[in-house]
Amino acid sequence: MNAHLTNDGGSIPSTYTTNVQLKSNKMRYQIKIEDVKKDDILYKTESSKKLFMKGDYCRFERKYYAEEYEDINSGAYFKKGKIVYVDYDGYYEKKGLIKCNSNDDVRDMIFRSRGVDEDQYYDNLATYSERFSDYGEDD
């Protein structure tokens with residue numbers, strides 16, 4: 001995190017600015033460009049930071065066009081069959097276009113998105129279960 005105080009010395013009051021870089025641990029899935037929904041977000045590579053929004057198929061270029069999410073004046077063409085990456089979406093999984101290997105992948109993704117340590121969660125859960133396992137039983 002970078003922070004600094006600026007003061008112009010004039011009538012403008014001091015301002016405090018903070019630059020925060022968020023680290024995303026979202027899991028991305030491979031999918032063919034033609035299977036991505038129109039106006040859906042996609043990435044060129046698994047670790048790419050640049051977002052693209054899929055547009056229409058360009059008959060002249062014979063490629064799919066995707067515009068940059070933050071700069072609509074630029075974009076990229078993708079040949080049919082090109083593998084791109086998308087964030088998890090239940091729509092793609094229902095259609096069988098992406099597949100989570102197991103429930104472990106989904107569980108790991110949930111823990112990482114919430115910033116929770118999985119082992120600590122299960123330790124706390126076990127402690128909670130032990131503490132209240134006799135609750136409601138008569139001795």
Side-chain angles (χ1 to χ4, degrees):
M1 180 192 297
N2 299 329
H4 62 281
L5 185 65
T6 59
N7 188 355
D8 295 14
S11 62
I12 300 173
S14 300
T15 57
Y16 185 74
T17 60
T18 305
N19 298 328
V20 178
Q21 295 178 351
L22 299 175
K23 194 173 189 181
S24 176
N25 290 332
K26 288 187 177 182
M27 188 175 289
R28 295 182 183 165
Y29 295 89
Q30 292 183 358
I31 189 170
K32 290 183 179 180
I33 185 69
E34 58 264 21
D35 295 331
V36 178
K37 295 184 291 186
K38 185 180 176 190
D39 296 332
D40 208 0
I41 301 296
L42 62 98
Y43 304 89
K44 280 186 175 181
T45 63
E46 191 172 11
S47 60
S48 176
K49 294 180 182 177
K50 197 178 284 190
L51 299 156
F52 289 90
M53 190 166 57
K54 184 185 174 198
D56 291 322
Y57 182 76
C58 178
R59 290 183 180 173
F60 179 75
E61 293 285 338
R62 294 188 207 167
K63 296 177 183 176
Y64 290 92
Y65 183 74
E67 61 187 28
E68 280 189 42
Y69 188 74
E70 294 181 7
D71 181 12
I72 61 171
N73 293 326
S74 63
Y77 286 99
F78 296 92
K79 290 182 180 180
K80 187 175 181 179
K82 170 75 173 162
I83 300 294
V84 294
Y85 295 85
V86 294
D87 290 331
Y88 176 79
D89 187 349
Y91 170 82
Y92 295 127
E93 190 173 19
K94 286 178 187 174
K95 295 283 186 182
L97 301 172
I98 63 171
K99 183 177 127 186
C100 292
N101 294 335
S102 65
N103 289 337
D104 294 340
D105 289 344
V106 175
R107 188 185 70 229
D108 292 345
M109 182 175 60
I110 292 169
F111 279 115
R112 278 185 277 153
S113 69
R114 293 181 182 167
V116 176
D117 180 38
E118 185 176 358
D119 295 331
Q120 182 182 4
Y121 172 79
Y122 284 116
D123 289 344
N124 291 343
L125 186 62
T127 305
Y128 180 82
S129 299
E130 290 170 4
R131 189 180 309 149
F132 294 105
S133 62
D134 295 333
Y135 185 71
E137 295 180 7
D138 294 330
D139 289 328

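Quick note: residue numbers are just sequence positions, from 1.
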Q: Compare every heavy atom of Y65 with every heavy atom of S74, then report the nearest pair and how far apart it is.
A: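 For S74 versus Y65, the nearest heavy atoms are C-OH, 3.6 Å.
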Q: Would you call Y43 and V84 a side-chain contact if the rule is heavy atoms closer than 4.5 Å?
A: no
Q: At their closest point, which heavy atom of R28 faces which heavy atom of E46, and how far apart are they?
A: NH1-O, 2.8 Å
Q: Please evaluate residues Y92 and D40 with respect to the criterion side chain to side chain contact (heavy atoms under 4.5 Å, CB included), reporting the C-alpha separation (whole Å), side-chain torsions for both, the decisive distance (0.1 Å), and the verdict.
A: CA-CA 11 Å; Y92 295 127; D40 208 0; 2.4 Å; yes
Q: With sequence neighbours left out, what residues match D71 under salt bridge (charged side-chain N to carboxylate O under 4.0 Å, His left out)?
A: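 Testing D71 for salt bridge (charged side-chain N to carboxylate O under 4.0 Å, His left out), a comparison that skips the adjacent residues, returns none.
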Q: Taking the side chain as everything from C-beta on, heavy atoms only, tell me whether V86 gets closer than 4.5 Å to I41.
A: no
Q: I'd like to check the salt bridge (charged side-chain N to carboxylate O under 4.0 Å, His left out) partners of E68; sequence neighbours left out, ordered by chain and number.
A: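 Salt bridge (charged side-chain N to carboxylate O under 4.0 Å, His left out) list for E68, sorted by chain: K50.
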Q: Counting N and O atoms only, with roles assigned by atom type, does the side chain of K54 sit under 3.5 Å from a partner on the main chain of I33, one being a donor and the other an acceptor?
A: yes
Q: List the atom of Y77, the atom of C58, and the distance in Å for their closest heavy-atom pair.
A: CE2-CB, 4.0 Å
Q: Could you grab the distance from atom CD of E67 to atom CE of M53, nearest 0.5 Å is fine?
A: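 Answer for the CD-CE pair, E67 versus M53, is 4.0 Å.
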Q: Can you tell if the side chain of S48 reaches within under 4.5 Å of the side chain of Y85, non-hydrogen atoms only?
A: no
Q: Looking at K37, I'd like to know if its NZ atom is crowded, meaning that more than 12 non-hydrogen atoms belonging to other residues, nucleotides or ligands lie closer than 6.0 Å.
A: yes
Q: With rounding to the nearest 0.5 Å, note down the distance linking OH in Y57 to CZ in R62.
A: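 Here the rounded value is 7.0 Å.
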Q: What is the distance from atom OG1 of T45 to atom CD1 of I83, rounded to the nearest 0.5 Å?
A: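 CD1 of I83 is found 13.5 Å from OG1 of T45.
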Q: Taking C-beta and beyond as the side chain, do L42 and F78 meet within less than 4.5 Å on heavy atoms?
A: yes
